[in-house]
Structure formats: C-alpha cells, structure tokens
Amino acid sequence: DEARVAQTELFESSDRINLVPTSPQLQVLSPNFATITMRYAVDIMYKDGTRAPRGGHATQIWMKDPVDDVWKIHLQHFSLTPQSEN
C-alpha cells in the first residue's frame, strides 16, 4: 500500500520527528469507541541534517481493547497543509 511505503521511507530517512497536537477534540461515541480530531504541527529532522516543519489535520479512531481493557489507536489519518512558498 502506497501510504505504508511512504511512512516507512519517512521513518527510515528521519533522525527525529516531533509531533505536537493542538486543541484535540475528543468524542466518546460509546463505552468502547471514540474519535479525536485535531490540528498538529510536526518538525522532521532528517538524517542529512535538513528540517521540514509542517502541519495539518489529523483524525484518530480509538477503541478499548476487550482483552486488556486499554484504549488503543485503531486507525489514524494525518493530512498535511500545503507548504507556503515565501
């Protein structure tokens, strides 16, 4: 899948990734299911020394695991806001 390949390439070429959520909005839809939507900022430091500060919107689906009763991210999607070219 194309997204998985892109994610693998990002992690392999990065030295550090700092992701900061902004104003997350939590909606508990049932005792075992919740969604979180948020804006975020991310600063990627690549192994070659370059940096790529970006931001965008994200959605996460959380489910409570029936085996260990712990909330876990089931699905997530991050979209990047286009970079400005100043």
Is Phe11 reachable from Val42 through a run of hydrophobic residues whose side-chain heavy atoms are each under 4.5 Å from the next?
yes
Counterpart residues, side-chain hydrogen bond (donor to acceptor under 3.5 Å, both in side chains), relative to Ser79 (two or more places apart)
none
How long is the span from the CD atom in Gln25 to the OG1 atom in Thr37, to the nearest 0.5 Å?
5.5 Å
For Met38 and Pro24, work out which heavy atoms get closest and say how close.
CB-CA, 3.8 Å
To the closest 0.5 Å, what do you measure between CD (Glu2) and CD (Gln7)?
13.0 Å
Heavy atoms, side chains only, cut-off 4.5 Å: are Ile44 and Tyr46 in contact?
yes
Per the side chain to side chain donor-acceptor pair (under 3.5 Å) rule, what does the pair list look like for residues 60-77, sequence neighbours excluded?
Gln60-Trp62, Gln60-Gln76, Asp65-Lys72, Asp68-Lys72
Side chains of residues 13-20: which donor-acceptor partners sit under 3.5 Å, not counting sequence neighbours?
unit_1: Ser13; atom_1: OG; unit_2: Glu9; atom_2: O; d: 3.0
unit_1: Ser13; atom_1: OG; unit_2: Leu10; atom_2: O; d: 3.2
unit_1: Ser14; atom_1: OG; unit_2: Leu10; atom_2: O; d: 2.5

Would you list the pairs meeting salt bridge (charged side-chain N to carboxylate O under 4.0 Å, His left out) in which at least one residue belongs to residues 21-45, sequence neighbours left out?
Asp43-Arg51
Scan for salt bridge (charged side-chain N to carboxylate O under 4.0 Å, His left out) pairs involving residues 21-32, sequence neighbours excluded, and state none if there are none.
none
Is Leu29 isolated, or which residues cluster with it under the ILVMFWY side-chain rule of less than 4.5 Å, directly or via members?
Phe33, Ile61, Met63, Leu75
Are Ile73 and Val70 linked, directly or through other ILVMFWY residues, by side chains that come within less than 4.5 angstrom of each other?
no
